[in-house]
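Below is one structure, written out as structure tokens; comments come after it.
Throughout, a chain's letter reflects where its sequence line sits, starting with A, and its residues are numbered from 1.
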2 protein chains.
Amino acid sequence: MAISFTEENYLKVIHRLSEATTEDISTNAVAELMQTKAASVTDMLRKLAEKGWVNYQKYQGVRLSAEGEKIALSIVRKHRLWEVFLVDKMGFNWDEVHEIAEQLEHIESDQLVNKLDEYLGFPKTDPHGDPIPNKEGILPELAYSHLSDIKTAKTCKLMGVAQDSAVFLQLLTKLNLSLGAKLDIQEVNEFDRSIFVSINDAAPIFISHEVAKNILVKV
Amino acid sequence: MAISFTEENYLKVIHRLSEATTEDISTNAVAELMQTKAASVTDMLRKLAEKGWVNYQKYQGVRLSAEGEKIALSIVRKHRLWEVFLVDKMGFNWDEVHEIAEQLEHIESDQLVNKLDEYLGFPKTDPHGDPIPNKEGILPELAYSHLSDIKTAKTCKLMGVAQDSAVFLQLLTKLNLSLGAKLDIQEVNEFDRSIFVSINDAAPIFISHEVAKNILVKV
DNA sequence: AATAATTTTTAGATTAACCTAAAAAATAAA
DNA sequence: TTTATTTTTTAGGTTAATCTAAAAATTATT
Ligand SMILES: [Mn+2]
Ligand SMILES: [Mn+2]
Ligand SMILES: [Mn+2]
Ligand SMILES: [Mn+2]
């Protein structure tokens, strides 16, 4: 069955919201991420349900069907593989690739995706540390902690980010924080929950709680 | 000003038709290439004229404006660069890339296009021998002859094809005809205008007039 | 020059994706 | 357990891109 860019984006958003919870996804939550109005979402959910890609009963929220999940994962796979391509082959920085990948993820050609995967050396994660679903649509579960949840005196390693926005990623770059960075937590301040941390054995600096929430680490 | 995929495709088609003639382009000619109805074309031409991308007066046909020409060439540039990428880097055959490039040509990022160009080594032509417009939108004019117009006993070199269709390109591949092939014309038959030709010094074979019309050569 | 054939445009509908405003249902608070 | 608040859906419209059928303009043919 034919699928539009818009439908693909809805499925992707529902998938993203479903990763954070086992509950049904609300119309408003979808509306916010899709940057549209709840009324438009209701229309679309009815259509997606008719196509068999979501389970939806009015007022009850929505979940992806098995088929919808498969489609969503194939788009995530394409998005992340293209991001690797843009950084590794085209020389973009990690804060420049998300918008372009938002376009490239809709290119339709299984052959191309698999050739691209091979060309890139079958990467396991994208430039932001997010796992790349394989050909069969299996997404390895990488269970990382948020830096904001780590206790004083611990050492950990930066494994990913919880946000793709350019301003956030550029800030990390300024702080000399990139994937693989070693973090030694000196102190967590009670007042503002800011973290005093040494990055790659350099002199420690302060990182706000807001930033720490969006940094994923392995202890 | 924002532009849709559909508008881009119309500009591309008008550009393609303009290459073959200096006359104004007819509504029907656009309709045929766009695989749509004349009534739809009329609507779109009015819209493109309002946006300043074409000059159009009803019943008088259409031409690209300078700005429209620039947009059309930027799409052609992307299409052909992506085709080079697909063949040179992804390992596709020349008959497999057109459809995918039809999608990729709409990806919007000047930065990406120019990085891709550099990554590919600033290619001058695409896998079908068509010239690639440069960053400034200048399209080198490659003046080749159609094989069907060449006289007996001439030797020439295959420089391009006048058609992107998979069936045609696959046939050429079967005939051992690829870019750069050396052609020695033994005889042009009066009856069906078929050509008896030796390809890369092999034993001569027959090529139909229909095929010869779509082969571009340098004498 | 008049008539016939062809091409192009207009008129009126349809579909996908969106919107605002109002109604209905679900949830929270008194 | 009513009442108030919030969430979600419905009703009715808009815009872009398409369509068919009919009208108008252009071009070709007697
Ligand atoms: Mn991204
Ligand atoms: Mn990413
Ligand atoms: Mn092509
Ligand atoms: Mn080509």
Checklist outcome for this item: To the nearest angstrom, the OH-C1' distance between B/Tyr56 and C/dT10 comes to 11 Å

Next on the checklist: Does this structure show an ion pair linking A/Glu67 with A/Lys51, if we count only N-O contacts that are shorter than 4.0 Å?
Outcome noted: no

Checklist outcome for this item: Separation of D/dT26 atom P from B/Gln60 atom CD, nearest Å, is 7 Å

Item to check | Contacts of type ring pair (Phe, Tyr, Trp, His ring centres under 6.0 Å), residue A/His128, not counting sequence neighbours | outcome: none

Item to check | B/Lys37 vs D/dT20: side-chain N/O to OP1/OP2 distance below 4.0 Å | outcome: yes

Checklist entry - Among all residues two or more places apart in sequence or in another chain, which pass the ring pair (Phe, Tyr, Trp, His ring centres under 6.0 Å) test with A/Phe206? => result A/Phe196

Item to check | DNA chain D contacts made by residues 5-16 of chain B, counting heavy atoms under 4.0 Å | outcome: B/Thr6, B/Tyr10

Checklist entry - Could you state the CE-P distance from B/Met34 to C/dT8, rounded to the nearest angstrom? => result 16 Å

Checklist outcome for this item: From OH of A/Tyr59 across to P of C/dA25 the rounded distance in Å is 6 Å

Item to check | Test: A/Arg77 and A/Asp117 ion pair at under 4.0 Å | outcome: yes

Next on the checklist: Classify A/Ser40 by what it touches in the nucleic acid, base, sugar-phosphate, or nothing, heavy-atom distance under 4.0 Å.
Outcome noted: base

Next on the checklist: If I take atom CE in residue A/Met44 and atom P in nucleotide D/dT8, what distance separates them, rounded to the nearest angstrom?
Outcome noted: 17 Å

Checklist entry - Salt bridge or not for B/Glu19 and B/Arg16, using N-O below 4.0 Å? => result no

Item to check | SB check A/Arg193 A/Glu190 (cutoff 4.0 Å) | outcome: no

Checklist entry - Looking at residues at least two apart in the chain, or sitting in another chain, which of them share a ring pair (Phe, Tyr, Trp, His ring centres under 6.0 Å) with B/His98? => result B/His79

Checklist entry - Can you tell me if the side-chain N/O atoms of A/Lys58 get under 4.0 Å from OP1 or OP2 in C/dA24? => result no

Checklist entry - Closest to the B/Thr36 side chain: C/dC18, D/dT9, D/dC19? => result D/dC19

Item to check | Within residues 23-31 of chain B: residues closer than 4.0 Å to DNA chain C (heavy atoms) | outcome: B/Ser26, B/Thr27, B/Asn28

Checklist entry - In whole Å, what is the span from the CG atom of A/Leu45 to the C1' atom of D/dT9? => result 11 Å

Next on the checklist: What is the separation between atom CZ on A/Arg46 and atom C1' on D/dT10, rounded to the nearest whole Å?
Outcome noted: 8 Å

Checklist entry - What is the distance from CD of A/Glu32 to P of D/dT8, rounded to the nearest Å? => result 12 Å

Next on the checklist: Going by the rule ring pair (Phe, Tyr, Trp, His ring centres under 6.0 Å), which residues pair with A/Phe85 if we only count those two or more places apart in sequence or in a different chain?
Outcome noted: A/Trp82, B/Phe85

Checklist outcome for this item: Nearest heavy-atom approach of A/Lys213 to A/Ala162 is O-CB, 4.5 Å

